[in-house]
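What follows is a short report on a single structure.
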Amino acid sequence: MANIAAQRIKREFKEVVKSEETSKNQIKVELVGDNFTELRGEIAGPPDTPYEGGRYHLEIKIPETYPFNPPKVRFITKIWHPNISSVTGAICLDILKDQWAAAMTLRTVLLSLQALLAAAEPDDPQDAVVANQNAVIAALSSKSWDVETATELLLSN
């Protein structure tokens, strides 16, 4: 790993370990092996969501070009979410792709993933099947119990 990437990720690792969110058991990070190129992350399911009470494990790989390119992150824990592949754990989140900025940190990534669990982006899904089913569930659970809309959604896909 390039010297700048190694120094930066070591500093960020310590930042997460000492963070308020870690002390509240909301986020966690640990080394895999003895270097900083592969990490394991953990986030708590956000309150007032279907994920509340869950602990979600992440694989985090730090590229040689960090912090100029984002870490490669995927869910290890199986999860049903429109922006996360239910098969591979791949994540559709702009900051892990084209909206990454070198000023972002490992802590930013973990907190952003936790926020994603609280506020899905069904219009930009990683898993179209989950996104479609979430739209049907939302239509059926609305105040009007819109069975017609839910049926149309099911038939259109």
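By convention here, the first residue in the shown sequence is residue 1. We use all heavy atoms of the structure for the numbers below, so side chains are in, but hydrogens, waters and symmetry mates are not.
Of all heavy-atom pairs between I95 and V109, the closest is CD1-CA, 4.3 Å. Pairing each heavy atom of I43 with each of L110, the nearest pair is CG2-O, 3.6 Å. Contact record, L93 with S112: CD2-CB, 4.1 Å, taken as the closest heavy-atom pair. Shown here for N69 and P63, the closest heavy-atom pair between the two residues is O-CG, 3.9 Å. Across T88 and S85, no two heavy atoms sit closer than the pair N-OG, 3.0 Å. Of all heavy-atom pairs between C92 and L116, the closest is O-CD2, 4.3 Å.
Taking 4.0 Å as the cut-off between side-chain N and carboxylate O, E20 and K24 count as a salt-bridged pair. A salt bridge does not link R40 with E30: none of the charged nitrogens is closer than 4.0 Å to a carboxylate oxygen.
Judged as a ring pair (Phe, Tyr, Trp, His ring centres under 6.0 Å), not a single pair has a partner in residues 14-33 (not counting sequence neighbours). Pairs passing the side-chain hydrogen bond (donor to acceptor under 3.5 Å, both in side chains) check and including a residue from residues 98-108, sequence neighbours excluded, read E21-R107, T105-T108. The ring pair (Phe, Tyr, Trp, His ring centres under 6.0 Å) analysis of residues 2-27, with sequence neighbours excluded, yields the pairs F13-F36.
Residue M104 holds its CE atom at 11.5 Å from CD of E12, rounded to the nearest 0.5 Å. Atom OG1 in T49 sits 6.5 Å away from atom CG in L117 (nearest 0.5 Å). Note that the NE2 atom of H57 and the CD1 atom of I79 stand 11.5 Å from one another [nearest 0.5 Å]. For the atom pair L106 CG and R8 CZ, the distance stands at 10.0 Å (nearest 0.5 Å).
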Exercise. Which is it for L111 and I27 under the side chain to side chain contact (heavy atoms under 4.5 Å, CB included) test, yes or no, and what are the steps along the way?
Worked result: CA-CA 8 Å; L111 293 175; I27 63 173; 4.0 Å; yes

For this session: Please step through side chain to side chain contact (heavy atoms under 4.5 Å, CB included) for the pair L39 and V32, ending with a clear verdict.
Result: CA-CA 5 Å; L39 309 170; V32 175; 5.6 Å; no

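The closest side-chain heavy-atom distance from R74 to L96 is not below 4.5 Å.
Taking hydrophobic clusters as Ile, Leu, Val, Met, Phe, Trp and Tyr residues chained together by side-chain heavy-atom distances below 4.5 Å, F68 does not share a cluster with Y66. Both V17 and I9 are part of a single hydrophobic cluster, where members link through side-chain heavy atoms under 4.5 Å apart.
Atom NZ of K97 has more than 12 heavy atoms from other residues, nucleotides or ligands within 6.0 Å. When the shell of 6.0 Å around CD1 of I76 is examined, it contains more than 12 heavy atoms from other residues, nucleotides or ligands.
In this structure, H81 has its ring center closer than 6.0 angstrom to the ring center of Y51.
Between the side chain of E15 and the main chain of R11, no donor-acceptor pair closer than 3.5 Å is present. For the pair K78 (side chain) and V87 (backbone), a donor-acceptor distance under 3.5 Å is present. No side-chain donor-acceptor contact under 3.5 Å links T22 to the backbone of K28.
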